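Structure first, commentary second.
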Protein chains: 2
Amino acid sequence: MLPVFPAAEACCTPMAREPLGEADAAELARMFKALADPVRLRLLSLIASYEGGEACVCDLTGPFDVSQPTISHHLKVLREAGLVGSERRGTWVYYWVIPAALNRLSSLLQVPGQISVPALAGGGA
Amino acid sequence: MLPVFPAAEACCTPMAREPLGEADAAELARMFKALADPVRLRLLSLIASYEGGEACVCDLTGPFDVSQPTISHHLKVLREAGLVGSERRGTWVYYWVIPAALNRLSSLLQVPGQISVPALAGGGA
DNA sequence: CATCTGCTTCGACATACATCTATGTTGACA
DNA sequence: TGTCAACATAGATGTATGTCGAAGCAGATG
């Protein structure tokens with residue numbers, strides 16, 4: 001039931017290596033579509049940067065100008081795209097990001113010809 | 001005229017580090033929106049993996065089931081998002097990817113907690 | 001100039017999407 | 001059981017988007 005990330009098959013090959021097939025492109029477009037909204041991007045980074053790596057919906061509605069059902073809708077989009085997971089714990093529902101999904105998209109976008117940042121690795125302060 | 005990539009400012013900070021601001025989220029959403037279509041994803045990977053790193057429109061219309069004006073429209077979307085550049089050379093118009101833009105998005109999506117692929121680095125096969 | 005080819009722009013149309021309010025559901029608690 | 005709080009779902013609505021055919025524009029060529 002929990003959508004455990006479907007392992008790495010056609011995963012993680014940079015798109016600059018070889019042209020994407022129709023099926024892969026369709027699936028990836030669905031994931032990028034989930035990222036193609038300012039509210040969802042902020043939701044995702046809010047969840048990802050939350051202490052413990054997860055946040056309840058009550059933590060996520062405050063920072064936005066949109067209604068609570070709208071936040072709920074955006075979280076559903078992110079969940080159905082496989083970018084976040086969720087679980088009810090008592091009164092609250094918690095969300096967390098799925099690293100494998102985001103890192104897959106990250107790898108796909110890597111292009112040679114320019115140096116990328118060292119970035120995280122550590123995970124530090 | 002050529003949109004030289006606007007250097008790295010708020011660039012390249014993974015979204016898991018700290019919550020995205022509204023302005024950054026809006027700009028990034030525009031770029032992800034350009035990626036949120038199967039045809040555009042395939043166009044991008046087709047261009048990126050073309051010999052010499054660039055392709056003319058005549059190379060790009062064949063592999064798709066959509067009309068040539070539609071391809072032209074999608075190329076315009078990619079160009080206005082800053083993901084590709086283009087230039088007319090005699091009869092043909094050539095397109096190439098802008099590595100800095102794609103790598104910026106790639107860095108943004110990197111999340112700790114799971115190993116990413118070694119990927120390119122060298123420049124390949 | 002006339003014409004052909006490669007590509008872009010325009011106008012129209014159907015579908016998808018973001019957002020709202022109203023309502024439903026689920027768990028805690030008196 | 002009744003009630004309250006936290007989220008989710010449903011239905012409605014305006015806007016954005018993907019697609020097409022037709023027309024425009026720009027080089028090349030005769």
Side-chain angles (χ1 to χ4, degrees), chain A residues 1-3 20 22 25-44 46-47 50 54-81 83-96, chain B residues 1-3 20 22 25-44 46-47 50 54-81 83-96:
Chain A
M1 188 166 295
L2 267 187
L20 280 170
E22 292 189 41
E27 186 201 348
L28 292 165
R30 257 182 282 119
M31 305 183 75
F32 281 121
K33 196 167 295 186
L35 294 175
D37 181 278
V39 174
R40 286 197 292 268
L41 275 181
R42 290 175 60 204
L43 274 174
L44 202 61
L46 207 52
I47 295 171
Y50 226 79
E54 57 181 30
C56 80
V57 180
C58 60
D59 295 320
L60 301 173
T61 48
F64 297 91
D65 289 334
V66 299
S67 68
Q68 178 269 325
T70 299
I71 294 294
S72 194
H73 160 72
H74 284 307
L75 288 171
K76 183 181 184 180
V77 172
L78 289 172
R79 181 159 28 91
E80 290 182 339
L83 299 179
V84 304
S86 70
E87 183 188 5
R88 174 159 209 149
R89 238 172 272 153
T91 305
W92 297 281
V93 176
Y94 290 86
Y95 282 79
W96 57 87
Chain B
M1 187 171 299
L2 269 188
L20 280 170
E22 293 189 41
E27 186 201 349
L28 291 165
R30 256 183 282 118
M31 306 183 76
F32 281 119
K33 197 166 296 188
L35 294 174
D37 182 276
V39 174
R40 286 198 291 269
L41 275 180
R42 290 175 61 203
L43 274 173
L44 203 60
L46 207 52
I47 296 172
Y50 226 78
E54 56 181 33
C56 80
V57 180
C58 59
D59 296 319
L60 301 174
T61 48
F64 297 93
D65 289 335
V66 299
S67 68
Q68 184 272 327
T70 297
I71 295 294
S72 194
H73 160 72
H74 284 307
L75 288 171
K76 184 180 183 179
V77 172
L78 289 172
R79 182 159 29 89
E80 290 182 339
L83 299 179
V84 305
S86 71
E87 183 188 6
R88 174 160 210 144
R89 237 173 273 152
T91 305
W92 298 281
V93 176
Y94 290 86
Y95 282 80
W96 57 87

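Given the structure is predicted, the values throughout are model-derived calculations rather than measurements.
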Fill in: Approximate separation, where rounding is to 0.5 Å, of B:Leu83 CG and B:Leu35 CG
5.5 Å
Response to the item:
Nt span of DNA chain C in reach of chain B heavy atoms at under 4.0 Å, 5' end first, is C:dG6 to C:dT9
Practice prompt. Would you check if the side chain of B:Arg42 reaches a backbone N or O of B:Pro63 as a donor-acceptor pair within less than 3.5 Å?
Written response: yes
Worksheet entry | Members of residues 54-62 of chain A that approach DNA chain D, where some heavy atom sits under 4.0 Å away | A:Cys56, A:Val57, A:Cys58
Discussion item. Taking only side-chain N and O atoms of A:Tyr94, does any of them lie within less than 4.0 angstrom of OP1 or OP2 on D:dC7?
Written reply: no
Practice prompt. Mind listing the closest non-hydrogen atom pair of B:Arg30 and B:Ala81 along with its distance?
Written response: O-CB, 4.3 Å
Worksheet item: Sequence neighbours excluded, which residues qualify as salt bridge (charged side-chain N to carboxylate O under 4.0 Å, His left out) partners of A:Glu87?
Response: A:Arg89
Worksheet item: Could you give all pairs that pass the side chain to side chain donor-acceptor pair (under 3.5 Å) test and reach residues 58-69 of chain B, with sequence neighbours left out?
Response: B:Tyr50-B:Asp59, B:Ser67-B:Thr70
Practice prompt. Name the nucleic acid region contacted by B:Tyr95, choosing base, sugar-phosphate or nothing; use a 4.0 angstrom heavy-atom cut-off, strictly under.
Written response: sugar-phosphate
Worksheet entry | Letter per nucleotide, 5' to 3', of nucleotides 14-26 of chain D [B base touched, S only sugar-phosphate touched, - untouched; heavy atoms, 4.0 Å] | ---SSBBBB----
Worksheet entry | Taking every non-hydrogen atom, the tightest pair across B:Tyr95 and B:Val93 | CE1-CG1, 3.6 Å
Fill in: Heavy-atom pair with the smallest gap, counting every atom of B:Cys58 and B:Trp92
SG-CD1, 3.7 Å
Item to complete: Could I get the full list of side-chain hydrogen bond (donor to acceptor under 3.5 Å, both in side chains) partners for A:His74, not counting sequence neighbours?
Response: A:Arg40
Practice prompt. Supply the atom-to-atom distance A:Leu78 CG to A:His73 NE2, rounded to the nearest 0.5 angstrom.
Written response: 9.5 Å
Discussion item. Using every non-hydrogen atom in the two residues, find where A:Ala25 and B:Leu41 come nearest and quote the distance to one decimal.
Written reply: O-CD1, 3.6 Å
